[in-house]
S.K.: 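Handing you this structure, nothing more for now.
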There are 2 protein chains.
Amino acid sequence: MATTLGLPISEVAQLFDVTTRTIRYYEEVGLLSPVYDESGVRRFQKRDLARLKLILRGKRLGFRLAEIREMILLFNEDRTGRKQLERTITYGEQKIQEVDERIEELHALRHDLMDYKEKFQQKYRALQGESGD
Amino acid sequence: MATTLGLPISEVAQLFDVTTRTIRYYEEVGLLSPVYDESGVRRFQKRDLARLKLILRGKRLGFRLAEIREMILLFNEDRTGRKQLERTITYGEQKIQEVDERIEELHALRHDLMDYKEKFQQKYRALQGESGD
DNA sequence: ATTAGCATTAACGTTAACGTAAAGGGGAAG
DNA sequence: CTTCCCCTTTACGTTAACGTTAATGCTAAT
């Protein structure tokens, strides 16, 4: 059984609905590191795809690439030594907490929007009562 | 009782921990519209401050100014006519749903991070068992 | 052999969201 | 009057995240 070489860039682009330029850029800044076949063509394997998925999720959430890289590299580097490991985990927990705070802020924003909407609906009901009666 | 003129830009900047340039820029792109006193100085009143607060919340959440403007203008324009009002409310509900989706994606990201962390902790425990025993 | 299609790198262009002078007005203090 | 400080507008500079040629290469089909 031949181990699959991985998808070429165009198929990955189609799969995730991004341009090839975007994918190359992510590699350029060290977010992706696909293997190259003997004729110099990028081959994306499962772990590359999983990582890209995470990157795009982060992007949709408005994280900058630098922040996303932090998250990815965090648990991926070959850190050695107990202190390093402990620090990594602590830092990771902090990142997770930041995500939690972000979730709370989103709830606050949701609340604001609901408020605006309610007030707006009152104006609407006023109009309804005025001539719809 | 003299109605307060509103805060000058420097105090607003201090209050929200942003630069005056940022505030002026928000005005430049139509997100803020403070009044000007007789000597041409911007005066920010309560509604301006509330709006700025919402803008900055949106920014922290990674929304672009264009998206934030959409949200703000949504329920603030003087729309008239039932159809317009209905459309505004429908659109607002859609925005709220987008926020909900975003919350879900954040939960997914949180899950991913937790996964990475768990796997990392296993490596850590392996090291502990190796020499800490 | 040439065309077609997808790949590569290199490099310049673009937009958003400000940063950073530069040049000047208004008023309070010395 | 001059200095100081905060305000103003105008305008050029900067960074991130790509978009967009341009020039070239490999491989399969005509």
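Just so we're on the same page: letters track the sequence lines, and every chain starts at 1. Note that this is a predicted model, so its numbers are computed, not measured.
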S.K.: Supply the atom-to-atom distance Glu105(A) CD to Leu56(B) CG, rounded to the nearest 0.5 angstrom.
M.R.: 10.0 Å
S.K.: Can you figure out which of dC18(D), dC7(D), dA11(D) approaches the side chain of Tyr25(A) most closely?
M.R.: dC18(D)
S.K.: Hey, is the main chain of Pro34(A) close enough, under 3.5 Å, to the side chain of Arg43(A) for a donor-acceptor pair?
M.R.: no
S.K.: Could you check which of dG19(C), dC7(D), dT9(D) has an atom nearest any side-chain atom of Thr19(B)?
M.R.: dG19(C)
S.K.: Ignoring backbone atoms, test whether Tyr26(B) places a side-chain nitrogen or oxygen under 4.0 Å from the OP1 or OP2 oxygen of dA17(C).
M.R.: no
S.K.: Could you tell me the separation between the CZ atom of Arg64(A) and the C1' atom of dC18(D), rounded to a whole number of Å?
M.R.: 16 Å
S.K.: Send over the distance from Leu32(B) CG to dC18(C) C1', rounded to a whole Å.
M.R.: 14 Å
S.K.: I'd like to know if the side chain of Arg110(A) and the backbone of Ile103(B) have a donor-acceptor N/O pair within less than 3.5 Å.
M.R.: no
S.K.: Can you check the Glu28(B) CD to dA17(C) P distance for me, whole Å?
M.R.: 12 Å
S.K.: With nearest nucleotides of DNA chain D determined for Arg21(B) and Ser10(B) from heavy-atom distances, which residue corresponds to the more 5′ nucleotide?
M.R.: Ser10(B)
S.K.: Rounded to the nearest angstrom, tell me the gap between atom CD in Glu38(B) and atom C1' in dC7(D).
M.R.: 13 Å
S.K.: Please state whether the phosphate of dT8(C), meaning OP1 or OP2, lies under 4.0 angstrom from any side-chain nitrogen or oxygen of Arg24(A).
M.R.: yes
S.K.: In plain terms, say whether Asp112(B) and Arg57(A) are close enough for a salt bridge, that is, a side-chain N and a carboxylate O under 4.0 Å apart.
M.R.: yes
S.K.: Whole angstrom is fine here: how far is it from CD in Glu27(B) over to P in dC18(C)?
M.R.: 15 Å
S.K.: Thr22(A) side chain: which of dC7(D), dT9(C), dG19(D) is closest?
M.R.: dG19(D)
S.K.: Using whole Å, report how far CZ of Phe63(A) lies from P of dA16(D).
M.R.: 18 Å
S.K.: Would you say the side chains of Tyr36(B) and Arg42(B) form a donor-acceptor pair under 3.5 Å?
M.R.: yes
S.K.: Rounded to the nearest 0.5 Å, what separates atom CZ in Phe16(A) from atom OG1 in Thr22(A)?
M.R.: 13.0 Å
S.K.: Are Lys95(B) and Glu67(B) close enough for a salt bridge, meaning some N to O gap below 4.0 Å?
M.R.: no
S.K.: Nearest to the Val41(B) side chain among dA17(C), dT8(D), dA16(D), which nucleotide is it?
M.R.: dT8(D)
S.K.: Without decimals, in angstroms, what is the distance between Ile23(B) CD1 and dA17(C) C1'?
M.R.: 14 Å
S.K.: List DNA chain D stems (3 or more consecutive Watson-Crick/G-U pairs, under 3.5 Å)?
M.R.: C:1-30 with D:1-30
S.K.: Out of dA7(C), dA16(D), dA17(C), which nucleotide sits closest to the side chain of Pro8(A)?
M.R.: dA7(C)
S.K.: Considering every strand and a 4.0 Å limit on heavy-atom distances, what is the contact class for Thr20(A): base, sugar-phosphate, or nothing?
M.R.: nothing
S.K.: Between dC7(D) and Arg42(B), is there an OP1 or OP2 to side-chain N/O distance shorter than 4.0 Å?
M.R.: no
S.K.: Look up atom NZ in Lys123(A) and atom CZ in Phe75(B), then write down how far apart they are to the nearest 0.5 Å.
M.R.: 10.5 Å
S.K.: Figure out the NZ/C1' separation between Lys59(B) and dA17(C), and round it to whole Å.
M.R.: 6 Å
